[in-house]
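Note that the structure is a prediction, hence the values are computed from the model and not measured. Computed from heavy atoms alone, side chains included, the values below leave out hydrogens, waters and symmetry copies. Throughout, numbering of the chain's residues begins at 1 and tracks the sequence.
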Amino acid sequence: MYKNINLQFLISYVGFLPYLIVIIDKYFLKQIDVKILESFSIYYSIIILVFIGAINWDLNKKISKKMVLYGFLPSFFSVFIIIIYLYNFNVFILLISYLLLQLFLDYFIIYKKNNHKNAYYFLRLPLTTLIVLSLIIIQ
């Protein structure tokens, strides 16, 4: 039974648990200040954005300049989000928009051409959808 479990998929889905904890606390337990929950959600989402961009880099082989730039953009966007968030702007809409844009572009730039469509349909698409819905609920 355990031989059929993909550890990367499992860890990826476990990474969604912090969003569930934030939602449960915000709407039911009310133990943590709402501002802290929102800030945590934003920073945690930024970590995910940067991670998704970084997985597009393969350091063992030379990749195109387009892919290097594409992998770097989430980090650049994340710094921008942090700066405007520190100036008290509501960044949820920007964050949600970028997650959806990244999902859309990933399909056409990375997954459409290769044989890893299962990763897109069973990991990337459902998790990004859950994250976006969670951010909408948390907001």
Side-chain angles (χ1 to χ4, degrees):
M1 177 177 149
Y2 294 112
K3 291 180 183 179
N4 295 335
I5 295 175
N6 183 324
L7 190 58
Q8 292 165 311
F9 276 54
L10 180 65
I11 290 170
S12 296
Y13 277 97
V14 169
F16 178 70
L17 284 177
Y19 291 103
L20 289 178
I21 293 168
V22 167
I23 291 169
I24 289 168
D25 190 79
K26 183 174 182 179
Y27 291 101
F28 301 108
L29 302 176
K30 300 179 192 242
Q31 295 296 308
I32 303 171
D33 183 73
V34 174
K35 187 69 176 162
I36 292 172
L37 293 174
E38 290 175 355
S39 294
F40 173 81
S41 300
I42 289 167
Y43 291 127
Y44 188 66
S45 298
I46 288 170
I47 291 169
I48 291 171
L49 274 175
V50 172
F51 177 77
I52 292 170
I55 63 171
N56 296 325
W57 289 28
D58 186 352
L59 298 176
N60 292 326
K61 64 180 182 179
K62 186 172 175 146
I63 59 174
S64 71
K65 290 178 183 172
K66 177 179 88 170
M67 288 306 294
V68 171
L69 181 62
Y70 184 67
F72 167 74
L73 283 177
S75 298
F76 180 76
F77 181 77
S78 296
V79 170
F80 175 72
I81 288 289
I82 291 169
I83 290 169
I84 64 172
Y85 182 66
L86 290 173
Y87 280 102
N88 295 320
F89 286 97
N90 185 348
V91 296
F92 278 97
I93 298 299
L94 280 173
L95 203 48
I96 290 167
S97 299
Y98 192 83
L99 280 164
L100 292 173
L101 177 66
Q102 188 181 39
L103 178 69
F104 179 77
L105 290 175
D106 274 3
Y107 179 77
F108 288 105
I109 293 174
I110 298 167
Y111 294 101
K112 187 176 180 181
K113 299 178 215 172
N114 66 29
N115 297 326
H116 302 293
K117 288 185 182 177
N118 278 347
Y120 184 82
Y121 290 118
F122 295 111
L123 185 69
R124 187 77 172 81
L125 181 63
L127 277 174
T128 299
T129 303
L130 287 171
I131 291 168
V132 165
L133 291 174
S134 297
L135 289 173
I136 290 169
I137 291 168
I138 293 166
Q139 177 182 322

If you compare all heavy atoms of [X] against all heavy atoms of [Y], which two are closest, and at what distance to 0.1 Å?
X	Y	value
F16	I131	CE1-N, 4.0 Å
G53	P74	CA-CG, 3.7 Å
Y13	F122	OH-O, 2.5 Å
I138	I23	CG1-CG1, 3.7 Å
F40	P18	CE2-CB, 3.7 Å

Is [Y] close to [X] at the side-chain level, that is, under 4.5 Å between some pair of heavy atoms?
X	Y	answer
S134	V22	no
Y107	L125	no
I96	Q139	yes
I52	L103	no
V14	L17	yes
I47	Y43	no
V34	E38	yes
I82	V91	no

Set of side-chain contact (heavy atoms from CB on, under 4.5 Å) partners for L94, sequence neighbours left out: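 side-chain contact (heavy atoms from CB on, under 4.5 Å) check on L94 returns F77, F80, I81, I84.
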Atom NZ in K26, atom CD1 in I137: separation rounded to 0.5 Å? 10.0 Å
Hey, is [atom1] on [X] packed in by over 12 heavy atoms from elsewhere, all under 6.0 Å?
X	atom1	value
Y87	OH	no
F89	CZ	no
F108	CZ	yes

Going by side chain to side chain contact (heavy atoms under 4.5 Å, CB included), Y19 matches just one of L135, I24, L130. Which one? L135
Testing the 3.5 Å rule here: is there a donor-acceptor pair between the side chains of Y70 and S64?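 There is no such pair (donor and acceptor under 3.5 Å, judged by atom type) between the side chains of Y70 and S64.
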Could you check L100 against V132 for side-chain contact (heavy atoms from CB on, under 4.5 Å), going step by step and ending with a plain yes or no? CA-CA 8 Å; L100 292 173; V132 165; 3.9 Å; yes
Results of side-chain hydrogen bond (donor to acceptor under 3.5 Å, both in side chains) for Y98 - residues two or more places apart only: none
